[in-house]
Amino acid sequence: THTHTHVILPKALMGSQASAPATMDPCNGNILLCTDSYKVSHHRQYPPETTTVHSYFESRGGKFDQVVFFGLQYLIKKWLVGRVVTQEKIDEAAEIYALHFGSDQVFNKAGWELLLAKHGGILPLVIRAVPEGTIVPTRNVLFTVENTDPDFPWLTNWVETLLVQAWYPLTVATNSREQKKLLAKYLKLTADSLEGLPFKLHDFGFRGVSSVETAAIGGAAHLVNFVGTDTVAALVCARRCYGEKIAGFSIPAAEHSTITTWQRDGEADAFANMLRQFPTGLVAVVSDSYNIWSACSKLWGGRLKTLVEERGEKGGVLVVRPDSGYPPEVVVKCLELLGHAFGTTTNTRGYKMLPPFLRLIQGDGISLDMLDAICWQMARHGWSTDNVAFGSGGALLQKHDRDTQKCAFKCSFATVDGQDRDVFKSPVTDQGKKSKHGRLALLHEGDKWQTVQYTETRPAGDQLQEIFRDGTLLVEHTFSEVRARADIPEPEEVELSATCPGKTDCVLNDEAQFQAWKDEWLQ
């Protein structure tokens, strides 16, 4: 028996291998490695004497008929600004591509070395883009890329792989904004005001995305529309890339482990501990570990009722969180139980409100369609949307792809042997993929947006700003500017639809079954 402990390291962590790599970036911060393999050979495929390539990015349609343009600034700052090409990076790329293609004749080492010699590793490109946060109808140009040195026409589409990744923040911001519009509609119908709208959809998506970078960019895209988030990486992204000191907010909240470690018989003690540990402000407590109906009626509305009310007298707000079941049914039932226990008032719109110290958050299964179903059922049963906040994860940040808004980057103009050429594709098998041609500008007058061609002089009123030229970011948007552009208009007055937007076989749609449930629980 030894009186001290030996730490035995795996062999992979011993000796020289114990040091972590300088960076875990899979491309080692090397833009020469951040492209699709086939682009490595494209410098040999353009017509001889090609000197200019002009390409553009657009949403060709998709789920929504307009998009929130967001995220290009992040990509430019990360990959294009400053001296991004070095001899070391060229040599690294040459080695990898020689192995990758089985030949050292595919990679354009001479071209990259010429770029290094002429421009010091700075990319001779110009990018023009619509201001971030702008709402643009689909099938319009959002940004263009063109080489500024005739020796490097192949560079324009080399950066396609990176810049097309703007599809992701654009799509998240667009989807999030559509949910904001939906929530605004139901608040207009059922609430005294829209004051709480910015906090109504909280980002729960960090753990459900494919990477930390995804969480950062996607989470920031959501924060264009709302101010609630648990995705800390999004705060850092908005702070570092858009200059926003703090873009989102959160509150102390329980997870199942902090409740279930008290065991089933100790659930009430776990709940009480949350109220005592956080005696003021908002606190959210997951309450479905065992029986959500019992938690609402017998624990929160029974044993702990006085504690909840006393905390409310000091300005505290308890946010009860169910986390399982069919969300519209669960939300309405929880409201019925809490309203029965704590009482309700009726707002100016004629809908029921819980006391101001008590609210609900539904953070399971939330998507645009599910929000519609929940809010519809709440209104149908006399409850204001103002009683509930929502949390969304996978459907907010992860369940999207480039085809959600059909984003694409295409060459539309080239200069070959001194002659300008309009360039486009028009596949007979899918005219939806027909691309635009010519140098492109974007005009806006009133509610009308129009993508137009130009020759030598850009048209007056072009909405595409020159934001990047030859390694320098020329225009930097702040997060507050982005938010202001993306804001939604005041919703119109509407009546509740007669058609249930969710499951038609829901218990809430069967008056006899729902009444039987009430008879059991509202004693």
Side-chain angles (χ1 to χ4, degrees), residues 199-212 214-216 218-219 222-223 226-236 246 248-301 303-304 307-308 311 316-327 329-331 333-335 337-338 354 357-367 370-371 374 387-399:
F199 292 91
K200 281 299 176 186
L201 187 60
H202 199 91
D203 176 5
F204 284 175
F206 202 157
R207 71 189 62 184
V209 294
S210 56
S211 70
V212 174
T214 307
H222 169 67
L223 288 172
F226 292 91
V227 296
T229 186
D230 263 31
T231 300
V232 178
L235 305 177
V236 179
I246 191 69
F249 305 92
S250 191
I251 63 173
E255 70 174 22
H256 285 102
S257 76
T258 65
I259 302 299
T260 57
T261 47
W262 293 72
Q263 300 192 313
R264 188 175 192 131
D265 291 342
E267 187 177 33
D269 294 330
F271 289 175
N273 179 65
M274 289 294 296
L275 301 182
R276 294 191 178 103
Q277 291 293 333
F278 307 99
T280 59
L282 289 96
V283 63
V285 185
V286 64
S287 302
D288 76 324
S289 297
Y290 306 107
N291 187 325
I292 184 64
W293 318 134
S294 179
C296 288
S297 60
K298 297 178 181 178
L299 298 184
W300 294 124
R303 289 173 59 182
L304 302 175
L307 190 59
V308 172
R311 188 175 180 276
V317 180
L318 167 66
V319 183
V320 176
R321 178 164 73 93
D323 197 46
S324 52
Y326 180 55
E329 179 180 338
V330 171
V331 168
K333 286 182 174 180
C334 285
L335 290 171
L337 292 170
L338 294 171
L354 293 172
F357 56 78
L358 186 61
R359 290 293 181 265
L360 204 71
I361 184 167
Q362 174 64 35
D364 179 58
I366 297 301
S367 64
M370 188 59 75
L371 272 180
I374 295 170
N387 289 287
V388 183
F390 302 91
S392 185
L396 185 68
L397 301 188
Q398 186 70 13
K399 293 183 180 179

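Just one residue in the list Asn273, Thr258, Ile259, Val319 forms a side chain to side chain contact (heavy atoms under 4.5 Å, CB included) with Val285, and that residue is Ile259.
Checking side-chain atoms of Asn387 against main-chain N and O of Leu354 turns up a donor-acceptor pair under 3.5 Å. Using a distance-only test at 3.5 Å, with no hydrogens or angles considered, a donor-acceptor pair links the side chain of Ser392 to the main chain of Ile366. Side chain of Arg311 to main chain of Phe278: a donor-acceptor pair is present (N/O by atom type, distance under 3.5 Å, no hydrogens or angles). Lys200 places a side-chain N or O within donor-acceptor distance of the main-chain N or O of Val388, the cut-off being under 3.5 Å. For Glu329 (side chain) and Val331 (main-chain N/O), no donor-acceptor pair under 3.5 Å exists by modelled atom type. Between the side chain of His202 and the backbone N or O of Gly363, no donor-acceptor pair lies under 3.5 Å. Distance alone, capped at 3.5 Å, is enough to place a donor-acceptor pair between the Gln398 side chain and the Ser210 backbone.
Minimum interatomic distance between His256 and Ser289 (heavy atoms only, all atoms of both residues): CD2-OG, 3.2 Å. The nearest pair of heavy atoms linking Gly219 to Ala234 is C-CB, 3.3 Å. Nearest heavy-atom pair across Leu223 and Gly248 is CD2-CA, 4.1 Å. Shown here for Tyr290 and Gln263, the closest heavy-atom pair between the two residues is OH-C, 3.6 Å.
Side-chain contact between Leu304 and Leu318: absent, with no pair of heavy atoms (C-beta onward) separated by less than 4.5 Å. Side-chain contact between Phe204 and Ile361: present, with at least one pair of heavy atoms (C-beta onward) separated by less than 4.5 Å. By the 4.5 Å heavy-atom criterion applied to side chains, Arg276 and Leu307 are counted as neighbours.
For Ser287, the side-chain hydrogen bond (donor to acceptor under 3.5 Å, both in side chains) test picks out Trp300, with sequence neighbours left out.
Rounding to the nearest 0.5 Å places CG of Asp203 at 16.0 Å from CZ of Phe390. Here the straight-line distance linking atom CH2 of Trp262 with atom CZ of Phe271 works out to 11.5 Å at 0.5 Å rounding. Taking CG from Leu299 and CH2 from Trp293, the interatomic distance works out to 14.5 Å, rounded to the nearest 0.5 Å. If you take SG on Cys334 and CD on Gln362, they are separated by 8.0 Å, rounding to the nearest 0.5 Å. The line from CZ of Phe249 to CG of Leu282 is 13.0 Å long, rounded to the nearest 0.5 Å. Here the CG-CG distance, from Asp230 to Leu235, works out to 9.5 Å after rounding to the nearest 0.5 Å.
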### Message
side chain to side chain contact (heavy atoms under 4.5 Å, CB included) for Phe206 and Leu397? Distances and angles first, verdict last.
### Response
CA-CA 8 Å; Phe206 202 157; Leu397 301 188; over 6 Å; no
### Worked verdict on Phe199 versus Val227 for side chain to side chain contact (heavy atoms under 4.5 Å, CB included)
CA-CA 6 Å; Phe199 292 91; Val227 296; 3.4 Å; yes
### Task
Go through the steps for Asp364 and Arg321 under the test side chain to side chain contact (heavy atoms under 4.5 Å, CB included), then give the verdict.
CA-CA 9 Å; Asp364 179 58; Arg321 178 164 73 93; over 6 Å; no
### Message
One pair to check against side chain to side chain contact (heavy atoms under 4.5 Å, CB included): Asp288 and Val330. What are the steps and the verdict?
### Response
CA-CA 10 Å; Asp288 76 324; Val330 171; over 6 Å; no
